Structure formats: C-alpha cells, structure tokens
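For clarity, every value in this text was computed on a predicted model and none was experimentally measured.
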Amino acid sequence: MVHEELLARHRAVLPSWLALYYEQPIEIVRGEGRRVTDGEGRTYLDLFAGILTNAIGYDIAEIREAVRAQLDSGVVHTSTLYLIRQQVELAEKIARLSGIPDAKVFFTNSGTEANETALMLATQHRRSNQVLALRNSYHGRGFGTIAITGNRGWSASSLSPVNVSYVHGGNRNRGPFKDFSDAEYIRACVADLREVLATATSGDVACLIAEPIQGVGGFTTPPDGLLGAFKEVLDEFGILLISDEVQTGWGRTGEHFWGIQAHGVVPDMMTFAKGLGNGLAIGGLVARGDLMDCLTANSISTFGGNPVSTAAANATLDYLLDHDLQANAFKVGNQLMDGLRRIAEEEPVIGDVRGKGLMIGVELVEPGTDEPSSRAAARMMEHTRERGLLIGKGGQGGNVLRLAPPMTLTEAEAEEALGILADSIAATSAELAR
C-alpha cells in the first residue's frame, strides 16, 4: 500500500510522460553494496545501478566520507565564478586519463548538458551547424540532443537547432548490413558515411557524435575499429569526432577505460557523466584545448562541478582506480555473458546476447523469429523484480534487457543473478507459449 499511495501522488503532480518501471512501481529507500530495499521492505540485487550511475554501489564509506567532509566545511555551493579545489583536482585526473593532447575539462550537471556543450563547441569551432549522428543513437533530452537522437521512441520533436544527417553503424544486429562479416560491415558503413557526406551535406560538417556502445539503443555493440575507420574519413574533411562516453566511460566495458579505445583512435572530444559521481549529479566533457577555448562569449556553470559533486567524483574515481574495477568489470562481465549465452542456447526467446564488461544487452524476440518482442521484455521485468533482481530495458523495440550493475559486483552475486535470470526467462517463455 505504501507504493500504491505514492504512485497516486506521483501521477497527480508529475508528467504523464515520465517513465516508471513495473506494473506496480517501487520506491527505493535504502542501499548497501549491490543491494537495495524498497519502501515496503523488499530487498533486491541491483543490476541496473540507477541507469549505470551507482558505479561503485551503495553506502560506500570512502565516498560518503568525502561528501560529509565537504558538507562539514559549510560550503555546498560557490559556482565557477570562484576557484574550486576539488574541481581542479578532478579535471587534472580526467585530462590525464583521457589521452587527448593538451586536454581541458568542463563540468556540467548531466550527460545531456555535456553533449549540448560538445555540440556548441563543435559548431562554433567549425562555423557550421551540420552534425552527423548514428542511427539508433541516444544523446539526451535537451533541445539539441533530442535533435541528434536517432531513436524514434526517445525523440519527442522534429524541431532542431542543428542540421543532422544519420549514418549507419548504430545497430550491428539489424538493418541492411546485419548479415555482413565485421570487416564487410565496417566497409559498408564507411561507404555510407562517404555517401552521406557527398549527398546530404554541404561538406563543411562540424562533427560526428557517437556512442561506442549504444545505451538506450539496447547496448548495441559495433565491431571494434568502426569508429577508427570513420575517423580516417572525418579527418579528410576536418570533421571533429565526439565520443559520447556517458555510459561507456570509467572502465565499464572491461577491455578499456573509455569505450572509444576499442576503435584504436583518440577523439577530439569525449563527454561523460553517470558513474563519475556514484549517484551525485555530475557530467562534463574533455576536449583538445583549442576546441575548449574556442568560445568568444562569456560563460559559467552555476552548478556544474560544484564542491559536493566533485568531492564525490574524486572519491569515486580514486576508488575505481585503486580497486581496479575495470578488471573486475571484465572478469565478472564475461561470467555473466557466458552464463547468459548458455541460457540462450536453450531459450529461443533470446535472440542475442551482446555487450562488453558490465554493459550487457539481452535481445528478446518472438520465439522462432527475429521479430523484437516487447511483451517478452515487459514480462521479464516483472519476473525478475518478483524474484529480487532489478534490471533495465531499452532498444528500438523496447525488447532488450539491459544489465549494468555496480562495477563492484562479485562473482557470487553474478551467479545469483544468472539463476534468477534463468528462472525468469523460463517463466516468460512458458507465458509466450500459451
């Protein structure tokens, strides 16, 4: 009844388009490690981490103490009109980790705002409002970021402050190139990029923005090297490459610290957010110094990189590096991936298991076909919740389960999750067969 009452109040005062998971939405009131407890006392193993944001988990002493120390100082906010020591220290770390030469960092409140800033810098530097994006992409809910989102389910308006052209490469598993080998796929996507540049633009394009693994798009994973091959073409025209690392950053893919590194190329800019603050609101971008400094008007960020969020982010980044959570993401991610692929061999409702590290997508289809099954995904969400497991979903057809737990997930917890997933998939398959 606690959740039912809160849901009624929510619906009375919050937008109807504000998505909620589950037929009976839940409130999360406590957390510890990788587990959370809802308002009615039920505890869950969390494999979605607040949409990849609680990267270290819940109630982490080092992060809690860093935030408390800042709060105890009495300074919660100053704005970027004043020097912020925690912000400078964090920027130094990110610039060093980025691999971008002469890098500078700007902090925002979210990934949306980070991508909006990247678009502003690219279009200003190139003196062009033309932008390239990938089909099936998602970059945020701001006016500019919705304009470059290539996913109809998340694009609320056709109005746009930029002129956008979409290229292939977003979804390896669907579309006209899906049956190609990886090498053929890359060649076809590069040819498409050249064709778009030649026919759909006036040539002086500002940038191409891409997620190394598409998040909302269903954790679709292109062949390694695709964005590197794109960069070769972009460089011929002076077009900038922006890597949207909002979901792939901080070692989550296991193989690399940044998702773009799988493609053997250093981008001109990277945007980031989500896991950096382990739940506190922070985003930003790191870029070549000449790009970052190209603005000629005054600008500030009132809340971006504030003392509390940067204190949390410094502690989160230090914890992540000190405990080599990238290696843990690789190890435990492979454990989950292998287990899911074994389940898939017995369950025709699973069309694909993909991703890297602790960023795994399970595509559900109507059994015996490759048709996306949103009804299967909806039932899986309910079955996993009932069994004490929280997961996410996405994909163009709303049919992809998204697994992205805190990067501290243990092998024992991964096995527990696999057992719940296996039982839930079996129950879902039985329902679809009726």
Side-chain angles (χ1 to χ4, degrees), residues 111-112 115 118-119 122 130-142 144-160 162-180 182 184-201 205-231 233-234 239-248 259-260 262-263 267 271 351-352 354-355 359 361 363 365 370-372 374 393-400 402:
T112 291
N115 284 328
L119 290 176
Q130 296 180 97
V131 173
L132 300 174
L134 269 62
R135 300 182 184 192
N136 198 49
S137 59
Y138 176 82
H139 297 286
R141 58 164 186 78
T145 49
I146 283 178
I148 58 169
T149 287
N151 185 322
R152 183 185 300 170
W154 291 88
S155 185
S157 172
S158 64
L159 299 176
S160 173
V162 289
N163 187 336
V164 187
S165 298
Y166 293 97
V167 297
H168 281 292
N171 193 338
R172 177 71 180 88
N173 301 85
R174 296 190 179 275
F177 308 148
K178 65 183 178 65
D179 295 323
F180 290 5
D182 283 352
E184 291 169 337
Y185 184 87
I186 291 174
R187 282 196 296 271
C189 289
V190 168
D192 174 67
L193 171 60
R194 288 191 178 278
E195 179 73 8
V196 168
L197 285 170
T199 62
T201 78
V205 172
C207 63
L208 182 149
I209 184 168
E211 304 158 272
I213 296 176
Q214 292 186 328
V216 169
F219 289 168
T220 56
T221 309
D224 288 355
L226 174 65
L227 298 181
F230 278 1
K231 184 73 161 62
V233 177
L234 300 178
I239 300 169
L240 304 173
L241 175 62
I242 303 170
S243 183
D244 180 341
E245 300 277 350
V246 169
Q247 298 197 28
T248 51
I260 191 70
H263 298 271
T271 57
D352 186 43
R354 57 176 176 256
M359 193 172 182
E363 182 158 359
V365 296
D370 64 354
E371 290 298 312
S374 59
K393 69 174 181 175
Q396 185 75 39
N399 65 308
V400 182
R402 299 170 67 198

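- Using a 4.5 Å cut-off on side-chain heavy atoms (C-beta onward), L119 and N115 make no contact.
- When all heavy atoms of P212 and A210 are compared, the pair lying nearest together is CD-O, 3.7 Å.
- Using modelled atom types, no side-chain atom of D224 and backbone atom of H263 make a donor-acceptor pair closer than 3.5 Å.
- Looking at heavy atoms from C-beta onward, L197 lies in side-chain contact with I239 at the 4.5 angstrom threshold.
- Minimum heavy-atom separation, F219 to T221: O-OG1, 3.1 Å.
- Considering CG of L240 and SG of C207, their distance stands at 6.5 Å, rounded to 0.5 Å.
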Before you tell me yes or no, could you show the steps for V233 and R194 under side chain to side chain contact (heavy atoms under 4.5 Å, CB included), namely the whole-Å CA-CA distance, both residues' side-chain angles and the distance that decides it to 0.1 Å? CA-CA 7 Å; V233 177; R194 288 191 178 278; 3.7 Å; yes
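- Distance alone, capped at 3.5 Å, places no donor-acceptor pair between the Q130 side chain and the V162 backbone.
- Residues meeting the ring-ring contact (aromatic ring centres under 6.0 Å, His included) test with Y185, sequence neighbours left out: none.
- With respect to H139, the side chain to side chain donor-acceptor pair (under 3.5 Å) criterion is satisfied by exactly one of T271, T112, D244: D244.
- From R135, atom CZ reaches atom CZ of R174 across 15.0 Å, with rounding to the nearest 0.5 Å.
- Salt bridge annotation for R402-E363: absent, with no cationic side-chain nitrogen under 4.0 angstrom from a carboxylate oxygen.
- The shortest heavy-atom contact between V400 and G395 is CG2-CA, 4.0 Å.
- The closest side-chain heavy-atom distance from I242 to L208 is not below 4.5 Å.
- To the nearest 0.5 Å, the span separating CG on D192 from CZ on R187 amounts to 15.0 Å.
- S165 approaches A200 most closely through the heavy-atom pair OG-O, 3.6 Å.
- The shortest heavy-atom contact between L227 and L241 is O-CD2, 4.4 Å.
- With E245 contributing its side chain and G259 its backbone, the two residues share a donor-acceptor pair below 3.5 Å.
- To the nearest 0.5 Å, atoms CG (L132) and CD1 (I148) are separated by 10.5 Å.
- For residues 205-217, no residue pair satisfies the salt bridge (Lys or Arg N to Asp or Glu O under 4.0 Å) rule, not counting sequence neighbours.
- When the options N171, L134, D352 are evaluated for a side chain to side chain contact (heavy atoms under 4.5 Å, CB included) with T220, the one that passes is N171.
- In this structure, the side chain of R172 engages the main chain of K178 through a donor-acceptor pair within 3.5 Å.
- Looking only at distances, no side-chain donor or acceptor of S374 sits under 3.5 Å from a matching main-chain atom of P372.
- A donor-acceptor contact shorter than 3.5 Å is absent between the side chain of S137 and the backbone of A133.
- Checking side-chain atoms of T149 against main-chain N and O of N151 turns up no donor-acceptor pair under 3.5 Å.
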